Amino acid sequence: MPKPFYITTPIYYVNDVPHIGHAYTTVAADVLARYRRLHGDDVFFLTGLDEHGQKIQQAAAKAGIAPQTHCDRLAPQFKNLWQRLNISHDAFIRTTDVAHKKIVQLYLQQLYNKQLIYKADYTGWYCTFDERFWTEKDVVQGLCPDCKRPVEQISESNYFFRMGQCQERLIRHIESHQDFIRPQSRRNEVLGFLQKPLEDLSISRPQSRLSWGIELPFDRNYVTYVWFDALVNYVSALEYLTEPPTMKRYWPASVHLIGKDILTTHAVYWSTMLMALELPLPQTIFAHGWWTVSGEKMSKSRGNVVDPYAIVDEFGADAFRYFLLREVPFGHDGDFSREALIGRINSELANDLGNLLHRTLTMIERFAKGLVPQAHDEARTDNQLRHQAGQLPELVETHLSKLEFNRALESIGGVIQVANQHIDKSAPWKLAKDAADQSLLQTVLYDAAEALRIVALMLFPFMPQTTEAINRQLGMTGPLPDAQWGGLQPGTAIAKGEPLFPRIENTASQGGSRVNQEQSAAPTPQPSPAVAAAPAPATPEAQISIDEFMKIQLKTALVLSAERVPKSEKLLRLHVDLGSEQRQIVAGIGKRYEPESLVGKRIVIVANLKSAKLMGIESQGMVLAAGDKDVGGLVTVIEDVPPGTKVK
Ligand SMILES: [Zn+2]
């Protein structure tokens with residue numbers, strides 16, 4: 001029996017404009033779904049839309065149309081995006097589906113019968129924009145603490161779910177299931193939240209104020225929305241979107257992928273709802289981080305919302321998918337910029353992968369009549385490439401089982417680099433000149449092509465179109481063969497095509513343009529340095545543009561702790577607070593400062609420097625200090641600005 005694997009994204013609010021965050025969660029889920037299918041697992045991958053609530057009701061009223069019409073008009077902007085991004089979901093749920101509403105009502109009735117739902121009076125401050133109540137202590141000067149819009153005091157009767165009574169059980173479940181909430185920092189966050197008494201959850205609105213929801217089956221004057229409406233989608237989909245129903249087959253879900261903003265909703269609200277419904281809890285809720293754009297928070301008012309359609313139009317779906325999962329460890333916050341995206345495309349996709357394919361096929365055309373050669377001189381070749389490519393599937397499995405997408409891609413990139421080095425070292429163009437080296441030449445070419453085949457297979461979950469293109473060029477047709485070394489059949493006619501990823505000239509300020517550069521069969525240039533998109537090093541006299549300067553993210557940081565690195569008189573290990581996150585930085589300031597003297601100081605760091613290891617310790621950034629050879633003094637800020645403030 002194939003192993004069931006059920007993966008979900010949140011259902012997205014239909015009134016939202018799709019942005020990079022939606023694309024991120026959905027692409028990550030797609031990679032896992034494709035990868036598990038490749039393994040022969042029985043995968044069910046669900047995404048969809050949350051279509052009820054006041055904002056939709058108001059927007060529809062403003063447009064003079066029925067709310068359902070409004071939803072029907074908006075739904076395609078998500079559906080089409082998933083098509084553009086090659087998302088392979090098995091079902092698409094909409095909370096306005098009639099069958100979904102019936103299941104929600106069934107569950108509500110069950111809980112009402114068990115007296116787990118009750119009616120009570122409630123007074124609170126209501127924010128219409130966020131569609132939620134705040135307590136007296138949350139509200140600041142009559143404004144919503146979240147969106148800063150005015151709130152209104154409302155007293156009304158509502159129905160409540162007895163969430164509070166599940167508190168102890170939930171804590172025990174989290175404590176006894178290490179992988180239930182991931183990453184670890186989020187798990188701690190939820191356990192922290194659960195230290196305060198858990199209140200009951202208001203689950204209804206009077207029809208007079210909100211009608212665009214699901215009617216409560218036991219009181220037609222009220223509707224439910226959000227909690228019992230939206231969250232129930234994860235199980236209702238299995239009841240009616242598959243034929244026959246697959247609740248028994250797929251529940252509990254293997255992974256709920258979510259953004260960290262809806263962690264409490266899932267880890268606490270959804271979990272306690274499942275407990276009340278006597279259903280098992282999902283195996284893993286994984287909350288990923290947020291994207292900033294060129295170091296800034298993404299928002300409509302800043303006008304910097306990243307439009308996934310525009311990115312796909314300009315760079316292609318695969319490059320975007322690759323970037324999203326390569327750039328940032330899953331679970332951390334990330335920063336999106338054109339420069340970073342172009343840097344990855346040029347160095348890792350065009351230079352490393354594209355060049356490997358192009359030069360390998362060019363040489364097979366020239367030295368092997370366009371047919372995959374036979375490898376019969378393995379003893380004379382360096383077998384590091386065979387070894388590393390052979391181990392790749394296992395490495396990718398290890399990383400993906402932990403949702404370490406970036407590390408899986410790093411391992412694949414490692415094999416690509418070794419393959420390029422293998423060609424450089426063996427120099428087939430020299431071997432071709434000597435009759436005695438012909439069999440070695442054929443072996444070198446076979447190894448490069450076979451490494452490419454395995455790389456392409458491992459890239460399939462991430463970049464399905466690229467895998468197809470590589471396979472086509474390698475002359476492979478039919479289903480994907482397995483990852484065992486030797487799958488490529490000698491004698492197969494190759495079909496060299498266009499370069500996979502043409503290099504892109506970064507002319508961001510003018511709007512950007514593509515430059516098609518012929519990739520050559522000559523030795524690859526050295527891979528680009530750490531910051532791939534960085535311009536060539538400036539000579540001392542050279543001036544840089546403001547754009548180049550703005551690539552360096554400087555931020556204020558608060559030193560939380562400092563200690564000496566053992567066996568080093570120069571290095572200190574600092575833990576600093578950046579507001580949204582904490583970092584470890586190793587700094588060569590130990591001759592100038594005693595560690596204790598630094599705690600509580602506000603310093604300035606380079607926040608987007610690629611992390612590096614110093615004496616085996618990871619350093620996630622660099623402190624700024626005055627002084628050339630010796631440290632004169634750390635850079636600090638005169639005013640008491642919060643940690644994480646941008647410095648420019
Ligand atoms: Zn608000």
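Computed from a predicted structure; not experimentally measured. Read the numbers this way: they start at 1 and go in the same order the structure lists the ligands and their atoms.
We find the CE-OG distance between M163 and S271 to be 10.5 Å, quoted to the nearest 0.5 Å.
In this view, A59 and N15, H70 satisfy the side-chain contact (heavy atoms from CB on, under 4.5 Å) rule, not counting sequence neighbours.
Using modelled atom types and a 3.5 Å distance limit, the side chains of T69 and D72 yield no donor-acceptor pair.
Partner of F405 under the side-chain contact (heavy atoms from CB on, under 4.5 Å) criterion, out of V328, L324, L400: L400 alone.
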message: Working note: F336 + F323, criterion ring-ring contact (aromatic ring centres under 6.0 Å, His included); need CA distance, chi angles, decisive distance, verdict.
response: CA-CA 9 Å; F336 178 88; F323 176 82; 5.6 Å; yes

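Protein N/O/S atoms found under 2.8 Å from the Zn ion (ligand 1): C127 SG, D130 OD2, C144 SG, C147 SG.
At a threshold of 4.0 Å, the pair E189-R187 does not count as salt-bridged, since none of the basic side-chain nitrogens sits closer than that to a carboxylate oxygen.
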